[in-house]
Amino acid sequence: MTSAAVEASRTILTGLHDVMASRSHAQAKLNDVVDVIGKSLDSEVCSIYLLREGMLELFATRGLAQEAVHVTRMSIGEGLVGVIGEGIETLNLAEATSHPDFSYRPETGEEKFHSFAGVPIVRRERAVGVLCVQHADPRRYEDVEIEALQTVAMVLSELITNAEFVDEDEVEGRNAQTGTEQMQGFTLVKGLASGFAVYHQPRITIEHVVAEDIEAERQRVYLAFDKMREQIDRMAGQAEFGSAGEHDEVLETYRMFAYDEGWSRRINEAIDSGLTAEAAIERVQQRTRMRMREIDDPLLADRMHDLEDLSNRLLRIVSGQIGTAASLGLRRDTILIARNLGPAELLEYDRRRLKGVILEEGSLTSHVVIVARAMGLPVLGRVAGLRGFVREGDHLLLDADEGLATARPAPGMVDAFEARFAKSRERQAAHAALRDVEPITRDGTRIQVMINAGLRDDAANISLTGADGIGLFRTEFQFLVSATLPSRERQTRLYRDVLDIAGDKPVKFRTVDIGGDKSLPYLRHDDGEGEENPAMGWRALRVALERESLLKVQARALIEASAGRTLNVMFPMVAEAWEFDAAKQVFDTQISFLKGKKKQLPESIRYGVMLEVPSLAEQLDLIAPKVSFLSIGTNDLTQFLFAADRANPKLAARYDWLSPSILRFIRRIVTTLEPYEVDLAVCGEMGGRQLEALALIGVGIKRLSITPAAVGPIKDLVRTLNVSEVAEAMDGWLASPPPNLRAALEEWACLKGIHCD
Ligand code: PEP
Ligand code: MG
């Protein structure tokens with residue numbers, strides 16, 4: 001905030017303080033409020049619209065016709081006021097009529113006013129009203145005026161709630177929600193759970209918004225910051241964080257924000273503008289949320305959620321309303337409801353009582369999802385309107401496998417869910433029982449089943465599932481959950497820990513595959529930003545070779561972590577053989593360097609490449625003599641083969657993995673590599689699905705690296721098939737493809753008694 005903005009807000013807030021302290025009737029107060037704001041901003045019109053029965057109704061105005069008060073009503077989304085209310089956005093227009101959504105209301109007499117600025121009045125992240133100013137001159141309002149309006153809108157939100165101008169149930173979106181409600185979301189962590197809704201965040205009520213004594217408010221925030229930093233430091237010392245690897249990264253981000261001077265400065269500026277400590281924290285948080293809405297980068301948005309988590313913590317400390325639902329004690333079988341959740345907040349819960357989490361937001365790469373996965377909690381995210389549908393204590397059925405949640409289910413639904421749940425538990429138990437069983441086909445072929453991993457805790461899945469090792473360790477995960485580039489020491493520690501946990505089972509470390517959709521805010525590249533086709537852009541090995549220091553540091557960390565053992569290293573997105581040579585050269589240089597330093601080196605180093613770019617399939621004769629293993633990344637390979645963006649939901653179901661194109665392509669790789677001593681594997685998602693795995697085995701694949709939850713089902717499949725039979729069937733289908741290969745394979749598998757769900 002500039003000092004001018006601070007001054008403008010302060011003038012208005014001082015005026016409002018007097019209005020609010022007066023004994024006048026609520027409507028009279030609103031009339032005074034528009035007067036104070038209009039005068040302070042030297043604006044001919046100032047109006048307040050409030051939510052009533054789903055419409056935004058003109059409640060008070062200075063400058064528009066008084067007859068329009070309680071007469072002019074706009075639907076959400078209608079006119080400029082409705083647009084502000086719908087999008088919770090700010091509008092600042094020199095010429096209101098030129099906006100496509102302008103809607104003229106003759107009763108207001110507004111035709112003589114040209115400029116228009118409006119801000120939403122927000123309560124519980126919903127617009128409960130709109131505050132706007134209009135002026136005869138066609139001019140845009142200054143940024144300082146907009147800042148002041150936003151601050152005032154926050155104060156108004158408290159005033160109108162205290163005066164009960166808006167119906168709290170309407171704010172909550174709870175229009176007598178009593179019936180069954182089915183909600184769709186996005187599966188963040190798979191699983192099923194039945195339990196009762198508990199809101200993570202008991203409502204914090206801000207009693208006073210306008211400061212009486214600015215110095216005292218400043219002191220309160222200062223003390224609260226101290227306390228919060230203490231809490232974060234204490235958490236870092238707790239064993240849970242100390243041992244669980246990725247949480248280190250999370251806490252480092254937290255620390256960075258907790259000690260961020262910019263954040264505390266912005267809060268202090270808001271206090272200077274006349275707000276109490278609580279209101280100032282909320283104001284800064286509100287501004288962050290607004291910015292977040294404009295951010296398209298999911299990773300940056302995740303970091304913003306961390307900041308929001310801390311902001312809530314600060315607000316609770318300063319207001320003395322300390323507890324989240326975690327500190328109030330949970331009932332049994334809780335399903336936690338939140339807009340979003342910080343990872344540290346989730347860790348505060350008693351995991352024996354917590355059964356699942358439903359979020360209004362959330363994304364696959366967010367810290368909280370990583371932590372939830374480690375805690376074994378199903379998570380459903382991006383449930384639009386969640387907090388409107390669910391009330392505290394509601395019975396909930398969470399089916400994160402299907403991306404569904406049901407609130408207040410009918411009895412029949414509960415029975416059906418319980419049956420599904422019991423089946424899924426039975427299946428899990430049956431698969432878990434296969435832990436120590438070797439995946440050998442009926443005709444005696446040993447199929448290697450490895451897991452994909454990316455975090456320290458994932459490595460434990462090797463022994464939990466009885467997998468043959470880690471066939472793909474996505475090293476970029478450490479980079480993604482970290483606020484800054486992970487240091488060499490951190491990288492070394494992670495790799496060493498993973499190797500320790502894996503014991504004598506192999507781990508194939510893939511060097512960083514960042515760039516494209518996995519962009520890092522702290523690693524920008526001039527040409528990489530705003531790429532039209534990021535998946536085909538500056539990513540993976542291309543980044544690593546250009547930013548050689550990145551690969552150099554990682555090479556050194558991998559070599560040092562593997563001292564005295566075997567290092568398996570794999571390069572992503574290799575399109576031509578020379579890219580492999582260049583990457584290996586970086587490792588060779590590090591080895592010579594460490595040799596010179598008399599450091600202990602790995603016992604052996606095995607190099608490999610991922611085959612994700614079709615062009616590499618045309619250079620197998622060049623690459624095969626150089627590598628010990630090759631892993632087909634079907635996720636990327638499919639998108640390049642079909643020219644179909646893997647992240648585009650519209651294309652998700654268009655092309656089938658069980659397509660002759662893919663299967664013929666893979667079979668050709670198998671055949672071409674036969675004369676070479678190269679271990680060939682498939683490590684894309686395709687291999688974790690039973691029917692697809694069956695087809696892959698049919699074209700000659702004998703090594704799969706898959707998500708840990710799929711190990712049991714794939715072992716089950718392997719033990720019921722004959723390689724020779726499935727190979728013969730596949731040969732027939734690929735020579736002369738049936739119209740629907742999937743259906744043909746499914747029917748055939750069923751006939752043969754192969755275990756395929
Ligand atoms: C792949 O592309 O198939 C793969 C395993 O790599 P990622 O999913 O990490 O791109
Ligand atoms: Mg890939």
Side-chain angles (χ1 to χ4, degrees), residues 298-299 363-365 369-370 373 448-455 458 461 467 469-481 507-520 531 533-544 554 568-575 579-580 583 608-617 629-648 651-652 655-659 661-663 665-666 669 679-689 692-693 695-696 701 703-711 714:
L299 276 167
S363 73
L364 281 169
T365 53
V369 171
I370 292 161
R373 200 174 292 125
Q448 255 195 31
V449 182
M450 318 233 268
I451 55 164
N452 294 342
L455 295 163
D458 294 348
N461 285 320
I470 297 179
L472 166 65
F473 189 89
R474 293 177 162 108
T475 60
E476 67 274 8
F477 276 23
Q478 187 185 31
F479 290 64
L480 289 169
V481 300
V507 180
K508 290 180 177 144
F509 289 101
R510 175 176 77 182
T511 58
V512 280
D513 181 4
I514 44 176
D517 62 330
K518 289 187 252 180
S519 74
L520 302 176
E531 289 175 299
N533 293 303
M536 295 195 280
W538 195 68
R539 62 173 281 204
L541 199 59
R542 299 164 186 180
V543 178
Q554 189 169 33
N568 289 285
V569 61
M570 170 159 80
F571 302 119
M573 287 282 289
V574 174
E579 289 175 314
F580 168 81
V609 285
M610 293 207 43
L611 193 148
E612 302 171 278
V613 184
S615 65
L616 191 65
F629 59 94
L630 187 145
S631 197
I632 304 177
T634 48
N635 303 340
D636 275 312
L637 179 64
T638 317
Q639 76 167 342
F640 297 133
L641 218 47
F642 285 119
D645 184 349
R646 71 193 250 191
N648 187 336
L651 299 176
Y655 304 107
D656 195 341
W657 272 320
L658 296 180
S659 136
S661 308
I662 296 179
L663 294 169
F665 192 90
I666 294 177
I669 297 171
D679 293 347
L680 175 64
V682 167
C683 63
E685 300 307 305
M686 180 180 174
R689 297 157 63 119
E692 279 80 348
L696 287 171
I701 293 293
R703 292 179 191 81
L704 297 169
S705 188
I706 56 183
T707 183
V711 172
I714 295 298

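All values below were derived from every heavy atom in this structure, side-chain atoms included, with hydrogens, water molecules and symmetry-related copies excluded. First listed ligand is number 1; within each ligand, the first listed atom is number 1. Along the sequence shown, the residues carry numbers beginning at 1.
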Provide the number and element of each atom of ligand 1 under 4.0 Å from a heavy atom of L472.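 Those atoms are 5 (C).
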Show the atoms of ligand 1 that are less than 4.0 angstrom away from any heavy atom in G684.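 Selected atoms, number and element: 3 (O).
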OG1 on T475 to CE on M570, rounded to 0.5 Å: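 So the gap between those two atoms works out to 9.5 Å.
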Measure the spacing between CG of L696 and CG of L663 and express it to the nearest 0.5 Å. 6.5 Å
Evaluate E476 for polar contact with ligand 1, using N/O atom pairs at a separation under 3.5 Å.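 The answer is no, given that E476 and ligand 1 share no N or O pair closer than 3.5 Å.
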Sub-4.0 Å heavy-atom contact, R510 with ligand 1: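 Distance cut 4.0 Å: R510 passes for ligand 1.
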I'd like to know if M610 contacts ligand 1, where contact means a heavy-atom distance under 4.0 Å to any ligand atom.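 Yes; M610 lies near enough to ligand 1 that a heavy-atom distance drops under 4.0 Å.
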Under 4.0 Å, heavy-atom basis, I'd like to know which part of [X] is in contact with ligand 1: side chain, backbone, both or neither.
X: D513; value: side chain
X: R474; value: side chain
X: D636; value: both

Is a side-chain donor or acceptor of E579 paired with a backbone partner of V574 at a separation under 3.5 angstrom?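 Such a contact is absent between E579 side chain and V574 backbone.
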May I ask you to check if any N/O/S atom from D636 comes under 2.8 Å of the Mg ion (ligand 2)? yes
Do you know which N/O/S atom name in E612 is closest to the Mg ion (ligand 2)? OE2
Identify, with sequence neighbours excluded, every residue that meets ring-ring contact (aromatic ring centres under 6.0 Å, His included) alongside F473. F509
What pairs with F580 under ring-ring contact (aromatic ring centres under 6.0 Å, His included), at least two apart in sequence or on another chain? F571
Decide whether N452 and T707 meet the rule of one side-chain donor and one side-chain acceptor closer than 3.5 Å. no
Sub-4.5 Å side-chain heavy-atom contact between V613 and D636: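 A side-chain contact is absent here, since even the closest heavy-atom pair is not under 4.5 Å.
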